[in-house]
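Report on one structure; see the data block that follows.
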There are 2 protein chains.
Amino acid sequence: MTAHLDDYDRKLLAEVQKDARIPQNELGARVNLSTAAVNRRLKRLSDDHVIERYTAVVEPGAVGYPLMIVVTVEIEREQMDLLDSMKRTFEACPQIQQCYYVAGEWDFVLVLVVRHMDQYNDLTRQLFFGNNNVKRFKTLVVMDRVKAGQNVPVHIEP
Amino acid sequence: MTAHLDDYDRKLLAEVQKDARIPQNELGARVNLSTAAVNRRLKRLSDDHVIERYTAVVEPGAVGYPLMIVVTVEIEREQMDLLDSMKRTFEACPQIQQCYYVAGEWDFVLVLVVRHMDQYNDLTRQLFFGNNNVKRFKTLVVMDRVKAGQNVPVHIEP
DNA sequence: TCTGAAAATGGACCTTT
DNA sequence: AAAGGTCCATTTTCAGA
């Protein structure tokens, strides 16, 4: 499953995770490869789905979503079709940035961005109060986004 | 604070959040703008920090981090310098993808990617058991990453 | 908005291990 | 075979008119 990545690949991944717009010749200079080799490796990493996609990260506050909220959700019954339909509902909600189905004290963890508390209130009605498979949920209001991103460590550790 | 974005900006942001490698002429075709106009707008959005950065999203499983874990942490005392040092510790830990300081039943929510349970165990020793300002923490093991990303909705809603 | 120069990408082809 | 390097055509970016 795990692709065999060498040291060059790891260095490249570290760089493009930090900044995907560094030109390939500059990347080559940093890792000691020709631009053509960098080009081939990046293409391979994309083809192999090691690199899932390239994206622009938008600052939520700058587009009118200054409020971030984490929600833990417990459900009533762990029934396949109910689960799937909940997952699809969460997936389809644009304000939900992330949705994880988890094992432990809760069943779902959601991370959402909203315009203001009123919008969050509306969403709780739609998503939680309006769904009779939701047993209870807890709201955690984010006061400081200490660290955010999808970066995966790529350094050589056991 | 909120930059004044028009409809073109929003459409562009929606597109580059989905895929940051679409060439500007193609973007222009999609939103009905010349490539030069697209170019200027994207530059402005970057300069204004509406677009924070461009990044490659790496599939954690493909580089040996198949396990994702959400942790909620409660701390002993909410003292400024202790808080700051905890934030810095969490920020510096490569396995911690996201760290939110929150209000509610917990103080921190962490999202981490690890190689296997043993690595997570080690991390709990370092980060939680080894820190006497941590009162308690709860582990939620992610079974399904239903939705992941940093996408911010940019459509026109109240 | 149009035009063109400069930069970046990505393929062809040859060489090394 | 697998991967690197050089060279070159094509595509993309980006600024001035």
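Since the model is a prediction, treat every value here as computed from it, not as a measurement. All values below come from the heavy atoms of this structure, side chains included, with hydrogens, waters and symmetry mates left out. Residue numbering restarts at 1 for every chain, and letters A, B, ... go by the order of the sequence lines.
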Distance flag, aromatic centroids of B/Y100 and B/F90, threshold under 6.0 Å = no
ask   = Rounded to the nearest Å, what distance is computed from the CG atom of residue B/L42 to the P atom of nucleotide D/dC14?
value = 9 Å
key: A/N32 CG to D/dA3 P, straight-line distance once rounded to whole Å   = 18 Å
Give the table of side-chain donor-acceptor pairs shorter than 3.5 Å for residues 36-43 of chain A, with sequence neighbours excluded, one pair per line with atom names and distance.
{"residue": "A/N39", "atom": "ND2", "partner": "A/Q24", "partner atom": "OE1", "Å": "2.8"}
{"residue": "A/R41", "atom": "NH1", "partner": "A/D6", "partner atom": "OD1", "Å": "2.9"}
{"residue": "A/R41", "atom": "NH1", "partner": "A/D6", "partner atom": "OD2", "Å": "3.1"}
{"residue": "A/R41", "atom": "NH1", "partner": "A/D9", "partner atom": "OD1", "Å": "3.0"}
{"residue": "A/R41", "atom": "NH1", "partner": "A/D9", "partner atom": "OD2", "Å": "3.4"}
{"residue": "A/R41", "atom": "NH2", "partner": "A/D6", "partner atom": "OD2", "Å": "3.0"}
{"residue": "A/K43", "atom": "NZ", "partner": "A/D47", "partner atom": "OD2", "Å": "2.9"}

inquiry  = Please report the interatomic distance CG(A/L123) to CD(A/Q95), rounded to the nearest 0.5 Å.
reply    = 5.0 Å
Which atom pairs link the protein and nucleotides 6-13 of chain D when you take only N or O atoms and keep those under 3.5 Å?
{"residue": "D/dT13", "atom": "OP2", "partner": "B/Q24", "partner atom": "N", "Å": "2.7"}

task = Write down the distance between NE2 (A/H4) and C1' (D/dA1), rounded to a whole number of angstrom.
result = 13 Å
task = Among residues two or more places apart or on two chains, list those pairs meeting side chain to side chain donor-acceptor pair (under 3.5 Å) that have a residue in residues 123-132 of chain A.
result = none
key: A/Y54 OH to C/dT9 C1', straight-line distance once rounded to whole Å   = 12 Å
ask   = Roughly how many Å is it from CG in B/L45 to C1' in D/dC14, rounded to a whole number?
value = 16 Å
ask   = So how far is it from B/I96 CD1 to A/N151 CG, rounded to the nearest 0.5 Å?
value = 13.5 Å
task = Carefully, step by step, assess B/E52 and B/Q150 under the rule side-chain hydrogen bond (donor to acceptor under 3.5 Å, both in side chains).
result = CA-CA 11 Å; B/E52 260 179 40; B/Q150 308 288 126; over 6 Å; no
ask   = A/L33 CG to D/dA3 P: how many Å, rounded?
value = 12 Å
